[in-house]
Amino acid sequence: MSYRDGEAVPDPFASPALALVLLLCALIPAKVCAEDSSSSGFDAQTLQQRGIDPQLASLLLAAPRYAAGQHTVSLRVNGQRRDRLTVNFDQQGNLCFDRALLDAANLVPPGETEGCHDFLARYPQTLVEPDPATLTVSLVVPTDALRPVQQDISGYETGGFAGLLNYDLSGFYNRFGDDASRFGSANTEVGFNAGDWIVRSRQVQTWQDGLSRSTHLQAYAQRTFASYQAVLQAGQINLYNPVLSGAQITGVQVLTEHALQEQGQGALIQGIANSPAQVEVRQNGALIHSTVVPAGPFALTDVRRLNTRSDVEVTVKESVGGERRFTVPAAMLGLGLPAPGYSVAAGRVRNVGDAEGEDPWVISGGWTGALHPQLTLGTGVLAASQYRSVGASLGWLPWLDSQIQLSTQVSNSQAREKVSGVQTDLSWSQRLGEQWSISAANSWRSIGYRELEESTYTRDDSNRDSRYRDQQSLNLGWSHPQLGAFSAGVSRSANFAGDSSSRALASWGTSIGAVSLSASAEWQMGGRQQQDNAVYLNISVPLGESRRLRSWVRNSGGENRTGLGITEQIDDQLSYRVSAEHDSSDHQVETTLGISALPRYSQLDVSYSRSDAERSSYQGGARGGVVLHGDGVTFSPYPVRDTFALVSVGDMSGIKLSTPSGPVWTDWQGQAVVPQVAAYGRSPVEVQTRSLPRNADINNGLAMVSAGRGAVERVKFGVGLTRRLLLTVSTDQGAPLPAGASVSSANGEFITLVQDGSQVFLPNVLGQSTLWITTPQGRRCQLRYSLPEKADPSVYFETAPARCHAP
């Protein structure tokens with residue numbers, strides 16, 4: 001197989017039987033075959049008159065087959081497509097059932113022998129259908145020859161060692177006249193994987209005008225025991241209970257493997273910034289995420305919460321002054337049905353924020369299971385020295401695309417205030433056809449209800465009446481092929497003092513041809529000032545293949561801003577944006593220049609803004625990961641998760657690979673990081689062959705990574721240098737060779753045919769033995785040529801003259 005313009009194409013010279021078929025069909029009368037059909041051969045005299053070597057005609061007597069040696073093919077088994085791999089054929093064109101082929105085809109080995117197994121003798125019903133024209137091999141095997149499907153999670157790759165650092169850095173500098181303000185934040189995660197153990201530490205560091213603040217979120221060790229489908233966590237962990245609200249503890253926890261998906265789920269937090277702003281996200285009083293966003297709508301993705309049942313408080317600090325706060329109810333971020341299984345935990349409650357109080361011991365247990373295919377029951381219990389809580393949940397799937405969840409929790413607190421209470425949550429989601437979707441949630445609690453952290457710690461800004469009494473949320477989605485997609489959500493919260501507040505978000509987007517339209521709106525109601533409301537309209541028009549013209553209007557607090565800008569995606573590593581915005585309040589024009597780059601090993605984003613009023617601001621950010629392993633240090637442009645892989649493509653640098661997280665490139669050592677692979681799943685990693693040197697060949701450019709949780713998988717792509725050569729051959733007397741003459745090795749293995757113009761194409765001359773050319777008349781001569789010492793990597797093949805020397 002060869003690669004041309006980055007695509008795999010069959011090499012016509014690698015399929016001599018096909019070439020010979022086409023040649024003979026054009027040159028041989030039908031009667032030659034018919035007359036000799038009873039004798040297993042062709043008329044040798046007629047073939048010689050037509051200029052065809054009679055020895056090659058024997059290839060037509062059998063079914064289409066591959067030449068002897070190695071070939072990279074697409075494999076199909078019982079009609080199902082499998083991975084591409086390199087297989088071997090013998091001199092008779094028989095397929096070698098070696099261990100690599102049996103594993104790729106998921107077939108049962110017939111014995112313990114090395115090399116080629118006698119698979120056809122064990123399963124004589126097997127059909128082997130080679131197709132050299134399309135570079136495929138199809139197998140039809142009996143069902144008892146297939147390996148049984150793995151029913152547990154123990155059949156995946158495990159082990160490996162690597163250390164890592166994930167970073168998400170952002171900075172902001174704002175100057176107005178003689179005044180200036182600075183802000184910086186660093187969300188970091190450090191740790192290592194060793195023997196399927198996952199060790200991590202997460203922290204948030206912020207700097208504000210010379211003042212520094214650090215929040216340590218957690219440090220823990222975790223391991224999955226595949227045979228039990230259970231996970232052990234120890235250290236500073238998030239207490240997980242399928243029904244009750246969790247807490248930060250220092251202790252030990254055992255839970256079902258599937259529960260990790262709910263425990264680690266990230267939140268999507270949306271809002272609108274009136275200017276470049278600093279955004280801080282808190283949960284239970286602890287800072288869990290900090291970043292900087294530009295003016296306009298923003299969406300913080302994958303914010304890792306401490307638990308899934310506590311509200312999230314968001315603070316937006318505008319660069320032009322002012323500060324806004326809003327609360328996102330936990331129900332609006334999605335509670336979901338608890339994962340089936342169990343969880344048990346024990347330890348001491350840990351204070352993450354600035355609250356005051358002691359750290360009591362706590363134990364927790366929970367279980368979730370199916371009572372019916374449409375009915376799920378969950379239970380939980382939690383006990384501390386002066387606190388008790390029990391709860392139950394019921395999940396119901398009443399009809400297609402519908403889900404209802406009801407949960408109730410009862411608490412009793414003896415710390416500081418002796419109170420008891422109850423909280424009830426009800427949520428419903430429904431998809432109505434392919435266009436409409438709706439979800440609603442309601443939460444109500446009595447005045448005596450306390451969660452564990454509320455009962456344990458006292459915060460400066462907390463009092464009994466400020467706690468919420470009830471919350472409601474409603475989300476609506478609608479989509480249309482021509483009119484676009486619309487979504488809206490509203491949430492309301494009321495406390496025991498009688499105060500209430502509401503927040504609403506709405507967005508719409510569509511495309512008319514290549515023109516994109518979008519709108520976003522945000523409202524704050526109930527005790528909030530009107531300046532918290534914002535509307536953003538945007539239109540984007542293409543100016544070529546990768547350049548777009550943007551125009552927008554946004555309104556905030558009665559002030560209108562209109563803008564015009566150009567964005568261009570130069571390539572998959574670099575983009576820029578230039579804009580100018582007019583403010584109706586002071587009639588000033590603010591210009592902005594921004595650059596987003598993916599320089600192979602990190603993600604960078606910088607921007608500069610300036611207005612007529614001598615106000616300027618700088619904004620920057622960097623995001624990615626660093627992996628330390630046995631072969632050195634490798635950088636990743638994306639954060640590295642708990643299960644990842646290390647890839648090597650020989651020692652070639654700058655090779656692009658497609659991964660589930662996005663494109664990555666090999667470094668100066670030929671190595672790259674696949675930052676996230678699906679634990680107990682299959683994750684594709686593919687080499688983009690356009691990035692390979694033209695004189696390089698790869699046996700198989702696609703690998704499927706199947707790893708257990710916590711594993712550090714090693715993927716090595718077999719890449720070798722080749723030297724393709726197109727020769728113009730002449731005899732010792734300077735005469736050209738006849739087309740159709742055969743080229744073979746010293747031991748008689750067929751290589752290719754002489755083409756028109758006395759040309760011979762050799763797919764690889766590295767390590768090539770002596771070659772001989774045989775004319776249809778049976779005359780033989782030795783092929784001789786000379787090449788430069790170093791090949792040219794920028795060309796697909798080299799050209800050179802050659803002589804065919806008669807012995």
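Throughout, residue positions are numbered sequentially from 1 according to the sequence presented.
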Let's go through I288 and V204 carefully: what are the C-alpha distance in whole Å and the side-chain angles of both, what is the deciding distance for side chain to side chain contact (heavy atoms under 4.5 Å, CB included) to 0.1 Å, and is it a yes or a no? CA-CA 7 Å; I288 60 174; V204 179; 5.9 Å; no
Does the side chain of N238 pick up a donor-acceptor pair with the side chain of Q248 at under 3.5 Å? yes
Exam field: side chain S636 to backbone Y638, donor-acceptor pair closer than 3.5 Å: yes
Go through the side-chain N and O atoms of E280 and T315 and say whether any donor and acceptor fall under 3.5 Å apart. no
Side chains of S520 and S507: any donor to acceptor distance under 3.5 Å? no
Determine, stepwise, if the pair F717 / L657 fulfils side chain to side chain contact (heavy atoms under 4.5 Å, CB included). CA-CA 11 Å; F717 286 98; L657 303 100; 3.8 Å; yes
Nearest-0.5 Å distance that lies between atom CG in L628 and atom OG1 in T634: 9.0 Å
Between Y173 and S616, is any side-chain donor less than 3.5 angstrom from a side-chain acceptor? no
Do you see a donor-acceptor pair shorter than 3.5 Å between the side chains of S185 and T206? no
Side-chain (W508) to main-chain (L483) donor-acceptor, under 3.5 angstrom: yes
Where do N475 and G489 come nearest, in terms of heavy atoms and distance? OD1-CA, 3.6 Å
L164 versus V626: any side-chain heavy-atom pair under 4.5 Å? no
T659 side chain to G662 main-chain N or O, any donor-acceptor pair under 3.5 Å? yes
Value rounded to 0.5 Å, distance of CH2 in W523 from CG in N533: 8.5 Å
Please determine, by modelled atom types, if S540 and S516 share a side-chain donor-acceptor pair under 3.5 angstrom. no
Between F635 and S602, is there a side-chain heavy-atom distance shorter than 4.5 Å? no
Indicate yes or no: at least one non-hydrogen side-chain atom of R547 is less than 4.5 angstrom from one of Y576. yes
Closest approach of L287 and L217, non-hydrogen atoms and distance? O-CD2, 3.5 Å
Looking at every heavy atom in both R550 and N538, which two are closest together, and how far apart are they? NH2-OD1, 3.3 Å
Distance in Å, L574 CG paired with Q569 CD, rounded so as to fall on 0.5 Å steps: 7.5 Å
Report yes if the side chains of F298 and T291 come closer than 4.5 Å at any heavy-atom pair, otherwise no. no
Heavy-atom check, side chain of T666 versus side chain of V647, under 4.5 Å: no
Knowing that exactly one of H216, R200, R202, Q218 qualifies, which makes a side-chain hydrogen bond (donor to acceptor under 3.5 Å, both in side chains) with Q236? H216
How close do G710 and N193 get, heavy atom to heavy atom, and via which atoms? O-ND2, 3.1 Å
Kindly indicate whether a cation-pi arrangement holds for R554 with Y536, taking the cut-offs as under 6.0 Å to the six-membered ring centre and within 45° of the axis. no
Over all atoms of both residues, closest heavy-atom pair of Y601 and D667: OH-CA, 3.1 Å
Here the pair of heavy atoms bringing S609 nearest to T592 is OG-OG1, 3.0 Å
Taking side chain as C-beta onward, heavy atoms only, is R561 less than 4.5 Å from S584? no
If you measure from the Lys or Arg side-chain nitrogens to the Asp or Glu carboxylate oxygens, is any gap between R709 and D196 under 4.0 Å? no
For E559, the side-chain hydrogen bond (donor to acceptor under 3.5 Å, both in side chains) test, sequence neighbours excluded, returns none
Going by atom types only, do R548 and T567 share a side-chain donor-acceptor pair under 3.5 Å? no
Do the side chains of T224 and I198 get nearer than 4.5 Å, heavy atoms only? no
Quick one, D168 and H289 - any side-chain contact, counting heavy atoms below 4.5 Å? yes
Inter-residue atom distance N166.CG - T188.OG1, 0.5 Å rounding: 9.0 Å
Could you give the distance from CZ (F192) to OG (S201), rounded to the nearest 0.5 Å? 11.5 Å
When you compare the side chains of H582 and E590, does any donor N or O come within less than 3.5 Å of an acceptor on the partner? no
What residues form a side chain to side chain contact (heavy atoms under 4.5 Å, CB included) with S181, not counting sequence neighbours? N174, D209
Check step by step if salt bridge (Lys or Arg N to Asp or Glu O under 4.0 Å) holds for D605 and R577. CA-CA 11 Å; D605 190 274; R577 54 195 178 275; 3.1 Å; yes
Which atom pairs, one a donor and one an acceptor, fall under 3.5 Å between side chains of residues 669-676 and the rest of the protein, sequence neighbours left out?
from: Q669; atom 1: NE2; to: D631; atom 2: O; distance (Å): 3.4
from: Q671; atom 1: OE1; to: H629; atom 2: NE2; distance (Å): 3.3

Distance flag, aromatic centroids of Y618 and Y608, threshold under 6.0 Å: yes
Y796 six-ring centre to R724 NZ/CZ under 6.0 Å and within 45° of normal: yes
Evaluation steps, side chain to side chain contact (heavy atoms under 4.5 Å, CB included), between E157 and S706: CA-CA 6 Å; E157 296 295 330; S706 301; 5.7 Å; no
Euclidean distance, D642 CG relative to Q222 CD, rounded to 0.5 Å: 6.5 Å
Kindly indicate, with the supporting measurements, whether the criterion side chain to side chain donor-acceptor pair (under 3.5 Å) is fulfilled by T215 and Q203. CA-CA 6 Å; T215 302; Q203 45 277 321; over 6 Å; no
Under the side chain to side chain contact (heavy atoms under 4.5 Å, CB included) rule, what do I512 and L517 come out as? Steps first, then yes or no, please. CA-CA 8 Å; I512 304 176; L517 302 172; 3.9 Å; yes
